[in-house]
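Worksheet for the structure shown next.
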Amino acid sequence: MTTYLGIDLAWGVRARTGLAVLDETGRLVASCSVRTDEEIAAFVEAASPQDCVVAIDAPLVVPNLTGRRVCEALVSREFGPYDAGAYPANRSNPHFDPPRALSLARRFGWEIDPAVQPGRGAVAIEVYPHPAMVTLFGLATVLPYKARAGRDLESLRAAFLQLFAHLERVCDATLQLSTSTRWRELRESVRTAGRKSELGVVEDEVDAILCAYLAWLWGRRDPGMRVLGDVTTGYIVVPGHPTVPPARAPRVRASAAAAREVVVSEMVVREHRITVPVDRAHPDRYPPIEVFAREILDPARPDLPLLLFLQGGPGGQGPRPGPTGWWRTALRTHRVVLLDQRGTGRSSRVDGRLVAGLMPQDAADYLACFRADAIVADAEDLRRTVYGGQQWSTLGQSYGGFVTLTYLSRHPQALTACYVTGGLPGLHADAEEVYRRTYPRQLARNAELAARHPQDVELLGRIADRLAVGDVVLPNGDPLTVRRLQLLGMSLGMSTGVDDLHWLLDTAVGPTGEPTDAFLAEVATRTGFDANPLYAVLQEVIYHQGARAGGWAADAERARWAELGPGHRPLRLTGEGFFPWMFEEIRALRPFAAATELLAARTEWPELYDTARLAANEVPVAAVQYTRDPYVDLDLALGTADAVGNLRVWVTDEHLHDGLRVAGDTILPRLIELAT
């Protein structure tokens, strides 16, 4: 007797896995959803004899270290126009090294080569429900039954009921769904669901039932079953070819509502501006400012849901989109809104000239209005005025994760999902605690530099000895002191930082032992903050909540580490910390000196996070945290993950703080999957 198993397999054990089994006639016998490998094993052992055919919705054969598999390219080429393209799988993702599906097959002795004919022992194949639905049901596009940005409860319910109707129309003769008690229970769960999360419980089980039907087709050697790829490079089995043309969206046309619309690198780029008060509690205290946002979209998909990108920093402008970058991945599923946070980029800019025109206390009060709470309020104004109140999801990189938690604290109804990369802050951690935890990680990065490029550490010492004389100046006239040289260590927080610093030092010193002009110019750029002075001004301010003692947290912590002194050899480089002397020695920061001193001394600050609301959060949140990140402490991040409802976190040592920039094509799809 042969049975047929369907497994909608989660990549990791924290997510649900759907399971279904059919008897030898194809009748649905049982289905459920579980989480752990042991629960999966118990179901398999109870439901399946030695001879079985298993269809698994999860990567099964993943030999490639990076990129995507050939089978995924083939699926995307044929089914992408139906919005049924495949996510990339490679072994840079720990879930696929080895793939969980492969481990399951080995555990039960399932053959995984599609060349092995069913009926000769147990065999397993990889399938993908979305292309299967397109071919089996004659769809022009996939059914929107999965929780995604912009889909509310009622639209998901309607899509689920459509899916049920298609399954009953096409598969009932085999599965006998009309007589299945469990199928009626699933239908009732969809009909009565009061939250999207309740539909998510049903989703995995229904996908598993479809997978079991595909296993039955494969076991019966249905002639329509096709293998895209092979057992060497990876494969996906699909049931036939599409029978209807894909639903193609109309191309974007210029809109009078957008201030400006252009095409750049095959993307439509729209520009939006809104006017907002600086201080919402006292809107007449300062002149209003402009906030600028750039919307990008695939011209073939103009009606996708919105994804708001929350930039890291603080004080950094939104990215300028080009032919490569994480946004290329995001544009497959979203229109992307790139916000220039207040005071940056093309939003009304805060620089030394503006601050110099204010009295120190007025300047400090003004700058205190540029924290996460104000950024969230600006985003809400943008959402309501430009997008008519349409919900959106968010992607927060680094400091953007801080802003995300403020957004969830204040306006969760605006959000459909939140993705965070390297940016879960400690909800109660002050700046002092953050630096106590992160300084040792920066010293560890110094050790990595010494281990990989010991000659660079010796060279840094020689340069520092030369600078200690006190007569070396940068092209803009700033003195180049040893402690400013140490600021080059900020790049060590990035995955390419060690090698980047190595190549900077490669031409740092000329034949006479003097720093070269090229090196001095690069140091001036990297440590000058001309483009982002708010990064320095607000770096500690972003942590302040409630009552505090006042003072410079990074400077106080640095004083506890003798090896970070400018006279210590070997010279150690500092990280993402800002010190009072910088507002004296660095030209772009000098106008901020008095105001920044007042901000450091301030002892009362508004709360940024509503911990009770975060604990009760229902918005899906998916975060990735990096174990060796020198700038965001992992333990604080995991504590926050435990304290926020409906938050899933993926911990990896594959990247440092710039994971989204260097591996966005891997990280973003993984986070979207986690959030569903």
Side-chain angles (χ1 to χ4, degrees), residues 1-10 17-34 37 39-62 71 75 99-133 135-136 167 170-177 180 182-183 204-232 234-240:
M1 183 179 72
T2 301
T3 58
Y4 306 92
L5 285 173
I7 304 179
D8 180 37
L9 186 66
T17 285
L19 299 168
V21 60
L22 315 181
D23 65 16
E24 60 183 341
T25 70
R27 180 176 64 91
L28 176 64
V29 176
S31 63
C32 65
S33 64
V34 299
D37 288 341
E39 290 173 316
I40 296 171
F43 183 92
V44 171
E45 290 166 355
S48 175
Q50 186 174 4
D51 290 337
C52 63
V53 180
V54 187
I56 307 176
D57 175 18
L60 184 59
V61 178
V62 185
C71 61
V75 167
R100 191 182 185 196
L102 178 60
S103 299
L104 196 63
R106 288 171 175 169
R107 176 171 182 170
F108 290 101
W110 298 334
E111 292 284 353
I112 62 170
D113 189 340
V116 175
Q117 293 297 314
R120 301 178 182 178
V123 297
I125 58 171
E126 179 181 338
V127 297
Y128 183 23
H130 277 176
M133 292 177 191
T135 59
L136 291 174
L167 282 164
V170 174
C171 309
D172 188 60
T174 299
L175 299 177
Q176 298 182 41
L177 300 174
S180 168
R182 182 56 183 160
W183 185 253
D204 306 290
E205 193 171 337
V206 173
D207 282 351
I209 292 171
L210 178 58
C211 290
Y213 182 73
L214 297 176
W216 185 79
L217 292 176
W218 183 256
R220 298 289 294 241
R221 303 183 187 181
D222 186 285
M225 298 295 278
R226 296 187 295 138
V227 179
L228 301 181
D230 55 53
V231 74
T232 302
Y235 68 91
I236 297 173
V237 177
V238 296

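FYI, the numbering just counts along the sequence from 1. Values below: all heavy atoms of this structure, side chains included; hydrogens, waters and symmetry mates excluded.
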I need the minimum non-hydrogen distance between [X] and [Y], along with the two atoms involved.
X      : Y      : result
Arg182 : Ser31  : CG-OG, 3.3 Å
Val54  : Ala215 : C-CB, 4.3 Å
Pro118 : Val123 : CA-CG2, 4.3 Å
Leu60  : Ala124 : CD2-O, 4.1 Å
Glu24  : Trp216 : O-NE1, 4.3 Å
Val231 : Pro114 : CB-CD, 4.0 Å

For this session: Using the six-membered ring wherever Trp is involved, compare the ring planes of Phe108 and Trp110 and label them parallel, tilted or perpendicular (cut-offs 30° and 60°).
Result: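 Ring orientation of Phe108 relative to Trp110: parallel.
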About how many Å separate [atom2] of [Y] and [atom1] of [X], when rounded to the nearest 0.5 Å?
X      : Y      : atom1 : atom2 : value
Cys211 : Asp8   : SG    : CG    : 5.5 Å
Tyr4   : Thr25  : OH    : OG1   : 9.0 Å
Asp222 : Arg220 : CG    : CZ    : 9.5 Å
Tyr128 : Leu210 : OH    : CG    : 12.0 Å
Thr174 : Leu22  : OG1   : CG    : 9.0 Å
Asp23  : Leu28  : CG    : CG    : 9.0 Å

Is any side-chain heavy atom of [X] closer than 4.5 Å to a side-chain heavy atom of [Y]?
X      : Y      : result
Leu136 : Leu214 : yes
Asp230 : Tyr235 : no
Arg107 : Val44  : no
Val127 : Ile125 : yes
Leu9   : Ile40  : yes

For this session: Check each of Val237, Val238, Ile236 against Cys71 using the side chain to side chain contact (heavy atoms under 4.5 Å, CB included) test, and report the only one that passes.
Result: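 Filter result, single survivor: Ile236.
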Problem set entry | Residue from Val29, Ile209, Ile7 passing side chain to side chain contact (heavy atoms under 4.5 Å, CB included) with Val21 |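 Filter result, single survivor: Val29.
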Test item: [X] side-chain N/O and [Y] main-chain N/O as donor-acceptor pair under 3.5 Å:
X      : Y      : answer
Glu39  : Val34  : no
Thr135 : Pro239 : yes
Asp172 : Leu177 : yes
Arg27  : Leu175 : no
Thr17  : Ala10  : yes

For this session: Could you walk me through whether Leu228 and Glu126 pass the side chain to side chain contact (heavy atoms under 4.5 Å, CB included) test, one step at a time?
Result: CA-CA 10 Å; Leu228 301 181; Glu126 179 181 338; over 6 Å; no
For this session: Please identify each residue that fulfils ring-ring contact (aromatic ring centres under 6.0 Å, His included) with Phe43, with sequence neighbours left out.
Result: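 Not a single residue meets the ring-ring contact (aromatic ring centres under 6.0 Å, His included) criterion with Phe43.
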